[in-house]
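Values reported hereafter were calculated over all heavy atoms of this structure, with side chains retained and with hydrogens, waters and symmetry mates removed. Every chain is numbered from 1, with letters handed out A, B, ... down the list of sequences. The shown structure was predicted, so the numbers you read here are calculated from the model rather than taken from an experiment.
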2 protein chains.
Amino acid sequence: MNSSFFIYISGMKRKIRQERESEIIEGFYQLAKEVGLENASIAKIGKFLNIPPSLIMHYFPNRDFLIQALIRYILEHYQLIYEPIIEHLNVSHKLDVQELVGRLFSREWNLLFDDGVFYSCYALIFRDKSIRAAYKNLHLALRRTLEDILNQDSAFAEMDTRQLAEQIYVVVEGAYYYLAMIDDEEEYQEKLQYFKKQVLGLLQDEVNAEFRR
Amino acid sequence: MNSSFFIYISGMKRKIRQERESEIIEGFYQLAKEVGLENASIAKIGKFLNIPPSLIMHYFPNRDFLIQALIRYILEHYQLIYEPIIEHLNVSHKLDVQELVGRLFSREWNLLFDDGVFYSCYALIFRDKSIRAAYKNLHLALRRTLEDILNQDSAFAEMDTRQLAEQIYVVVEGAYYYLAMIDDEEEYQEKLQYFKKQVLGLLQDEVNAEFRR
DNA sequence: CTTAATATTGAATGAACATTCAATAAATAT
DNA sequence: ATATTTATTGAATGTTCATTCAATATTAAG
């Protein structure tokens, strides 16, 4: 064995480690989805995955490491699922705004992602600076992606696309927050239309564009 | 017994009960603010208030009752603090839109209210139908209040004020969600301006008003 | 093949948890 | 004044918690 400071784990062992860590975090996420983050204990994760709790602690020294890893997992997946949806619009000079708005509010990706765990973790930003920073990074990245898309269309050349991206996302995120409270499908669709129209208004509002500069 | 210093009104017991219950819920809220909802145990609430945990259970048979009462407390106070801020605009035919927007995004009320506990409880809407309904009721009430204010000004007579209130609040709530991630004061103010302008745009956008009808 | 490092197991730890209980104190009703 | 109801206390319950530990199995290195 070499004597460097770094723990060198070769081949198989490294793979085992990576796979176990992933398995544990995914199990943690799945369980939190079912019983709530506050009830997803290490013992329960072990039972859920059929491994002893001590194995979990072998990879994650304490609960905080587990939470940090869960948040990394959630934010990575949020971005991984969401960004391609708006990224692959293939803007050939002219952006299809209807299509963009449709994708921003798409419920498809919503089905792939559970909001309960996301907001439980979000609530942690108020007491943990590093979690706050991680959440901020995700939200900035989403805005930058949208900004880039807008910049590809010359129609927005005169507009402050950074501001526009901020304004669009604040509606999208406010809508997700609010619509989660609404069970009735008809009411849901009605309000969703309000917000889609609102974003379309932002994108088409050339008068405002000048006013805002 | 010597009761010379105390005035014993009839129904003293009821008063004791009400005050104890309030004390416990307020203590629960204060503690949750400090250590997080997930760490605010009954034992800790007892220690925080210098009462035995069994007294807490005398008034709240189990933890669920305590959570339900906390959410009632939070939502009532949210409304109690927030509504007067926008309600007492004293619309004398002409609404001061600048003033309205200023109040909607006022940081004052934000200081009176801790968002960590609010969002921790919000996360519960995804698994609890009655909590979801309670949150929805609050958000509908806020929108109705704003709608009433808009209706008092004849300038909005031709507009769909219900839709407008929905669109305004989705920005306000999206902004609160997003701005909580931002520590830097300058950046915070810059983005806050974006969102204030956005709401002003909604209020002044008469062209859109027709388009939306 | 031997040794060292890592992976996995299951049992054990003490602390914290929600909750119960019996006893006492205070307030109200009779 | 006495009886009844409610408020309060503190000790005790059994459970679950995160975490530790020693043992065994597997894999890598020499």
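Here the C1' atom of nucleotide D:dA11 and the CG atom of B:Leu55 are 15 Å apart, to the nearest Å. In this entry the distance linking CZ of A:Arg17 with P of D:dA28 reads 14 Å, nearest Å. The distance between atom CZ of A:Arg14 and atom C1' of C:dA5, rounded to the nearest whole Å, is 15 Å. Regarding A:Lys15, its NZ atom lies at a distance of 13 Å from the P atom of C:dT8, rounded to whole Å.
Of the two residues near DNA chain C, B:Ile16 and B:Ser54, the one whose nearest nucleotide lies more 5' is B:Ser54.
The residues A:Lys197 and B:Glu166 are annotated as not salt-bridged, no charged nitrogen and carboxylate oxygen being separated by less than 4.0 angstrom. A salt bridge does not link A:Glu147 to A:Arg144: none of the charged side-chain nitrogens sits closer than 4.0 Å to a carboxylate oxygen.
Judged by distance alone, with hydrogens and angles left aside, the side-chain atoms of B:Tyr119 form no donor-acceptor pair with the main-chain N or O of A:Leu124 at under 3.5 Å. Here the side chain of B:Ser22 pairs a donor or acceptor atom with the backbone of B:Gln18 at under 3.5 angstrom.
Under the side-chain contact (heavy atoms from CB on, under 4.5 Å) criterion, A:Arg72 pairs with A:Gln68, A:Ala69, A:Glu76, sequence neighbours left out. Shown here are the ring-ring contact (aromatic ring centres under 6.0 Å, His included) partners of B:His77, two or more places apart in sequence or in another chain: B:Tyr73.
For DNA chain C, the residues of residues 56-68 of chain B within the heavy-atom distance limit of 4.0 Å (strictly under) are B:Met57, B:Asn62, B:Arg63, sorted by number. Interface residues of residues 18-44 of chain A facing DNA chain C, ordered by number: A:Arg20; criterion, heavy-atom separation under 4.0 Å.
Residue pairs satisfying the side chain to side chain donor-acceptor pair (under 3.5 Å) criterion with at least one member in residues 28-46 of chain A, sequence neighbours excluded, are listed as follows: A:Glu38-B:Arg127.
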Contacts under 3.5 angstrom, residues 131-139 of chain B side chains, donor-acceptor by atom type, not counting sequence neighbours:
from, atom 1, to, atom 2, distance (Å)
B:Arg132, NE, A:Asp183, OD1, 2.9
B:Arg132, NE, A:Asp183, OD2, 3.3
B:Arg132, NH1, B:Ile125, O, 2.8
B:Arg132, NH2, A:Asp183, OD1, 3.3
B:Tyr135, OH, B:Phe118, O, 2.8
B:Tyr135, OH, B:Tyr122, N, 3.2
B:Lys136, NZ, A:Glu187, OE1, 3.0
B:Lys136, NZ, A:Glu187, OE2, 3.3
B:His139, ND1, B:Tyr135, O, 2.7
B:His139, NE2, A:Tyr177, OH, 2.7

